[in-house]
Each structure stands twice: as C-alpha cells, then as structure tokens.
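Below you'll find the structure, written out as structure tokens, and then a few comments.
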Number of protein chains: 2
Amino acid sequence: MSRSTGRRLGRAGIRDVAAAAGVSITTVSDALNGKGRLPDATRSHVREVAERLGYRPSAAARTLRTGKSGLLGLTVTTYGDEPFTFTEFAYFAEMARAATSAALARGYALVILPATSRHDVWSNVALDGTVVIDPADGDPVVTELVRHGIPVVSDGRPGGALPVTGWVDNDHEAAVLGLLDHLADAGARRIGLLTGNTTDTYTRLSTTAYLSWCERVGQDPVYESYPAHDPCAGAVAADRLLARPDRPDAVYGLFDPNGTDLLAAARRYGLRVPEDLLLVCCSESTVYATTEPPITTLSLKPRRIGTAVVQILIDAIEGLDDDRPIEQVIPTDLIVRTSSQRRSARTAINPPRGPAGA
Amino acid sequence: MSRSTGRRLGRAGIRDVAAAAGVSITTVSDALNGKGRLPDATRSHVREVAERLGYRPSAAARTLRTGKSGLLGLTVTTYGDEPFTFTEFAYFAEMARAATSAALARGYALVILPATSRHDVWSNVALDGTVVIDPADGDPVVTELVRHGIPVVSDGRPGGALPVTGWVDNDHEAAVLGLLDHLADAGARRIGLLTGNTTDTYTRLSTTAYLSWCERVGQDPVYESYPAHDPCAGAVAADRLLARPDRPDAVYGLFDPNGTDLLAAARRYGLRVPEDLLLVCCSESTVYATTEPPITTLSLKPRRIGTAVVQILIDAIEGLDDDRPIEQVIPTDLIVRTSSQRRSARTAINPPRGPAGA
DNA sequence: TCACCATGCAGAAACGTACCTTTTAAGAAG
DNA sequence: CTTCTTAAAAGGTACGTTTCTGCATGGTGA
C-alpha cells in the first residue's frame, strides 16, 4: 500500500531509490555495487538519484543477506581483578591503534569487547572474526567462537591447545636471553628481575627464560613479583628488590612503569644509574628516551603485531589463507640507552667516579 | 522443503530450535527474550533445547528487525597529517577505556572509526549512536550522522554550531587560569607556554586563556608552538623555549610528553627544577609521579569524560533524555608535585619519605 | 447456558538487501 | 523471416529475526 510512495518516517530504502530513478531494485543494487552489466548512463543516473535522496544502504540488511558484517572483535583479557584493563599499558594502545588502521585499510572495523563478558554482548554483534589478546588457556569465549566457525587470531602464542586460526607473538625467551646477555656484557654480575604474579603467557615465558639463564650462567635468581594490575604495587616491589641483602647490580623490569619505579627506588637508595645499577625495562613508552639517565627499553613492536594479527585474520575470513603463514613471530627490538651501558665494560665494576661536569 | 529438517551448513536458527522443542517460532522468541506470557515450564524447556543446539540468535537479523544494533561509534579526529592517531596520548587511551566500560555495562559495544574515512566504512556498520572526540568545526561526518537521525555526543565543546545531541568537556579556560595563578603564587614572575599549532578546541581555548591571563597580570606572553603530532618537535620546541633571551621562570606544557621534554631541556641548560624553573604539564600519565623531581600535572579526568559521554549518548538513544543534562562540564584536577612548589612559598610541603632503614 | 476473559500458543507479515532466474528488446547471423 | 546472441532490466525469493494479530481452551460470574 504505502509501499512505493512514501516511507513512513525512516530512512530512504533501496525501493525508494528504485522508484525515484524509474528502475527496478535489482538495477539499483547492481548500479551501486558495481555488479551486473549496466550501461554507464544508468549507473550514474541511479547513483545520482541515490545521492539526492540521501540513500544509505542498511548495514544490517546487507549483513543478513551476505553473511559478512565487516566487523572484527578486539578482545582484551583482564589482568587480575580489574574489570577491564584495556590500554592499561602503552603496548595495548599501540597494538590496538595499528590493528584498527590495518583493519580499516581493508574495509573492516574493530569492535572492542571484553573477554569475560556476559553472553549477550557477544551475541548482539555479528563478527566476521576476532582478535584475542593474550588468551587464557582454554578460554571459553575463544572455544565457543571457533566452534561456531568464526576465525580467531591471537596476539600471543595460545596455550592449552586452544584451537585458534592463527597467532602472532614475539620470541619472548630469546628476547630475555639476549637482553640478559647484553647486561652481562655491560658488566652486570647479578641481574635481578621485576615481574608480575599474573599467569599470562608473556610473564610466564619471560620469567622462566630468566630462571633458565640464571641457571646457565650459575647466578642465583633475584626477583620480586607483584600484581601487575596494581599501579602502586610496582613501586613497592621495586623498592623491595633494591632493599634485598643480595642486591642486584642490574635489573630488568617486565612491565612498562617499572623503569621509572626502579629509577626512583635507585635514587632513594643513592644508587647511580648506570654506575651502580644497570637498568632495562620492557616498554613502548617514549618517556624513557628523556629520563635522567635515558633507560634502555625492550620494545615488543606492538604495531607490527597488531598489523600482522589483522592481516592473518582477514586473510582467513576471505579465504586467502595460503598467502601468509598462519603463525608469525615478530622480532623484538632492544633500544640501548645510557642506563645499560657501563663506561668500561671490562675494568672495575664500581669505579668511584664523580659526576661529569656540565 | 529442506526447511524444517536440516540446516544446510550454517548455524542453527530459531526455526530449528522451534522444531526441536516442538513449539512455534514465536514461542521460542518469547521464551528466550523473556517476553510474552508463557509458563515457566515452556520457557525453561525452550532455553534448554536452544542451549543443546548451540543456538545463537543472528545479530544481523535482530538488528534489521528492531532497528537497534547495540553499537556505538567511537570517532577520533586526526591531528595534523597523521592518518590515524588513536591513543596518541594517554588521554585517549583512558577515555576510550572508560567509554568502553560504560557502554558495556549498559549492553552496548564500541566500534572504533576514524573521522576521515571513506564513506563505505561508515555505511557498513549499523550504529545506534556515535561518540566524537574533539570534532572539527562543521565536521561533515557529524553533520551527516545527525542529518540521518543518529545521536552524536562529542568529547569537547563543538564549534561552528555543530548540531550535536550533547557534549562533555572540561572548563579549559578556568583550568589554565587556575594553574597560572598557582604558578604565580609559587613565585613565578614570567610564565611560558609550550603549545601546539593545531586548531583543535583544547589547544585554542588553552592558548587564548593563557594570553588573556598574561594581559590581565601585565606579563608579555612567552610561548613556543609546534605540530603536536610530531613527537620530536616537542623536544625541540621545549629547547627553543628555554633558549630564549626572555627565558621564562615557569612553563606550562599543554601536551602529555612536554613534561619530560621540558625536564630534559632544563637539564641541558643547567636549570634546577623547581629552584630555577617551575614546571606544570597537562598529562594523564603516572610517570610524572616518579620523575626527578616529580612534576605537577593537570588531569582532564578522561575517565569521567568517557563515562559521561557514553551515558548521555545511550540516554538519548533510549529516549531518556530528561535524565541527565545534555551538556556536562567535568572539573579538572591539578595534581601538585614538587616541580611547581618553590621553597619560599611555604615550608617543606613534601617531607622526603625515604624508605625506612633496611 | 452464555458471554467473557485470561492464558498459552501459532501464523504470518514485515525489516532492506543481494542475487539467481527470467523476461524483454534489439541486432546479427542464418 | 526466423533464430540465435547478447545487453539491459525486472521478478521474486531468501537471509533470521521480532511482533502484531488471532485462535483455541478452560474457568468464572451472571
């Protein structure tokens, strides 16, 4: 009845465009989507009419029809008790940014979703695939998604035989070993570790790599751990580490804020960096380039990871699986600054030197 | 034909649940959505069957039918030439995090979208509403959305008579004036400003507030500006500012990294903070609590802003407009630390809390 | 006994699009 | 003139829900 003439109060639909252009619905659809075989005259005419009516195709209808929504989930698992720690550290922010850019470049958009969510939120959005950051072993959400045929690519090697479509990760063991060697080369005799008591893959692999390195070189492990989600706990743990009787002469901090925390702690104990204490910290933040002294950092290259994860995911969605390897290891980057460079790597470890004049 | 028996290869639909449960589609829908009038026996039976079949309602179909997708856009305008500077600073990360949490708590999810995007990405996702961070005057995307009846709430007072549904912002002028007064109280005679040459509202308002303050107290303005999207330019500009013949004895940096940049520049010129130079910086980062010395920061309270923006938006979507004011001003928070406290101002405010002896 | 009503459920019409199939028109080849 | 080929466009169905309307049934008050 009121079909061909006036829309009630909603947006203009494809029918209205067809009526206004004097063609059929099929023609409009084909003209707008560049399909079918239509003369350019018809095509441009339809386009013009659609533009004039302010026609915008219904994403829901298109998704229903085609089965593709153009949406990718971005899932962040929670650390500790925090309800939702998205972008808790610079790493996540950078990674999410790169993933968003990469997705957009291929016509997809990212939907931010928490790993531990009520079922309904996940059901209410049609996802073509999902990126999972650091999934827990046997994550029920991931299992469910894969069971329903939705591709899942994880940032971080999945544990517990999680059936993901692919993953991207750093070689954390190699990174830690290389970093510890670097500190030892700079003259460190006893290297300490500031780590988290969380069970995520990154923390676990890094810590075990540290322990195995210690065993290899015959050093007693010296480490303090703390709940990574508590910002204050890091400073306290840093203090604890430097207060130990077996105080280390070099420290590696696994988390982003550890660098400034350790620097502050060193100051409180009157330890000079790098003369009395070598410092390295895993961080993506640029502040460590301008601290006093600048601190050596290990970058996990979140941008490359975010990009790679999305590429693999979209390839899987579009059936181009053979393009790229399903598993990718991104090299880390040790940015060496003053805090890990002892002036004389070979001479006495603690030469009494006054501060260089201005 | 092959309708009631076997789904071809896709997911189980509501029809399959109805058939398996021996009821009608209507009954399944009502049972699962808690509508209609059904005895609890039927309801639980249907739920059980649906669970057994692994039934997940199609979000696309539901959206098409109801007109509500449960998705909110989160739009970030670009700074300078950068293609997409999401979470360039800690502010965005925190704000996005809070917005995501708030949305999730009310059953919505956020879709990250760039302000300057190809049309098709915006068309491909059904949005119930959109959050826009710091929209440009007369932003075409915003105009288009509003014209299509989609609620838009902005973070930042919209300029150019942009027809948004609502907005949330700080009182930037008041914040800057209060901060400058604080520096003057601490003994500053000539306060400099490190600012950006971008045209966004925050930069503009803050800069003009600085200029009017200078005029009021009769001080010549001393400022340097730089392209805020270039990380290196900030350090250079900080250096420039302290190299001027009319060197300020206090500086306010508008952007997050300015604090460390200014601190590094001060060190290069042999200026002690706060003795020779008072420092304040607008930042959400926690690193400034542990720098040497700790730096006073102005927090814009991104979490409160993110939460408020989402609440207003969802209220508008659900027609609860009368609940909250459509425009909200969030107070800023000046976190006073050593860098802006001159000794003579009062006695020692911060007794050095060294760790109690080992 | 007869309305009458509440309860429990089923039928079927949308929602707006994409695409498969069919029709029409118009030349070209026989 | 017929038949074949091809371009151009129309018809109609399906995607999977929600929801309006309506049909039974059985108990209740008059």
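Note: hydrogens, waters and symmetry copies are ignored here, and every other heavy atom, side chains too, is used.
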- request: Enter the distance from B/Leu74:CG to B/Thr130:OG1 here, rounded to the nearest 0.5 Å.
  value: 9.5 Å
- prompt: Is there a donor-acceptor pair closer than 3.5 Å between any side-chain N or O of A/Asn33 and the backbone N or O of A/Lys35?
  reply: no
query: If we ignore angles and hydrogens, is there a donor and acceptor under 3.5 Å between the side chains of A/Thr27 and A/Ser24?
result: yes
- prompt: Checking B/Arg47 side chain against B/Ala31 main chain: does a donor-acceptor pair fall under 3.5 Å?
  reply: yes
field: Interatomic distance, A/Ile14 CD1 vs C/dC19 P [rounded to whole Å]
entry: 11 Å
- prompt: Hey, mind stepping through A/Val111 and B/Leu71 against side chain to side chain contact (heavy atoms under 4.5 Å, CB included) and telling me if it holds?
  reply: CA-CA 9 Å; A/Val111 184; B/Leu71 293 179; 4.3 Å; yes
message: Taking the minimum atom-to-atom distance to the side chain of A/Pro39, which one of C/dG8, D/dA9, D/dA14 wins?
response: D/dA9
statement: d(B/Glu51 CD, B/Arg56 CZ) to nearest 0.5 Å is 10.5 Å
task: Would you tell me if any nitrogen or oxygen in the side chain of B/Lys35 comes within less than 4.0 Å of OP1 or OP2 on D/dT19?
output: yes
- prompt: Within the structure, does a side-chain N or O atom of B/Thr42 lie under 4.0 Å from either OP1 or OP2 of C/dC9?
  reply: yes
query: What integer distance in Å separates A/Asp40:CG from D/dA9:C1'?
result: 16 Å
- request: Could you tell me the separation between the CG atom of B/Leu32 and the P atom of D/dT17, rounded to a whole number of Å?
  value: 10 Å
query: What is the distance, rounded to the nearest whole Å, between atom CG of B/Asn33 and atom C1' of D/dT17?
result: 9 Å
- line: B/Lys68 NZ to D/dT19 P, in whole Å, measures 12 Å
- prompt: Using the C1' atoms of five pairs at each end, what's the angle between the two axes of the helix from C/dT1-D/dA30 to C/dG30-D/dC1, to 10 degrees?
  reply: 60°
- prompt: Rounded to the nearest Å, what distance is computed from the CG atom of residue B/Asp16 to the P atom of nucleotide D/dG16?
  reply: 9 Å
query: Can a side chain N or O of B/Ser58 be found less than 4.0 Å away from OP1 or OP2 on D/dG16?
result: no
- request: Give the nucleotide from the list C/dT17, C/dC9, D/dA9 with an atom nearest to the side chain of A/Pro57.
  value: C/dT17
- request: Look at B/Thr26 and C/dG11 and indicate whether a side-chain polar atom (N or O) is within less than 4.0 Å of OP1 or OP2.
  value: no
query: B/Leu64 near the nucleic acid: base, sugar-phosphate alone, or nothing, with a heavy-atom cut-off under 4.0 Å?
result: base
field: Residue mapping more 5' on DNA chain D - nearest nucleotide basis, B/Asp30 or A/Asp30
entry: A/Asp30
- prompt: Does any N or O in the side chain of A/Asp128 come within less than 3.5 Å of the main-chain N or O of A/Gly70, such that one atom is a donor and the other an acceptor?
  reply: yes
message: Please classify the nucleic acid contact of A/Ile25 as base, sugar-phosphate, or nothing, using heavy-atom distances under 4.0 Å.
response: nothing
Under 3.5 Å donor-acceptor, A/Thr100 side chain and A/Ala96 backbone: yes
query: In whole angstroms, how far is the P atom of D/dC20 from the CZ atom of B/Arg37?
result: 13 Å
- line: Taken to the nearest whole Å, CZ/B/Arg15 to P/C/dG11 is 14 Å
message: Does D/dA9 have OP1 or OP2 under 4.0 Å away from a side-chain N or O of A/Thr27?
response: no
query: If only side-chain N and O atoms of A/Ser29 are considered, is one of them under 4.0 Å from the OP1 or OP2 phosphate oxygen of C/dA18?
result: yes
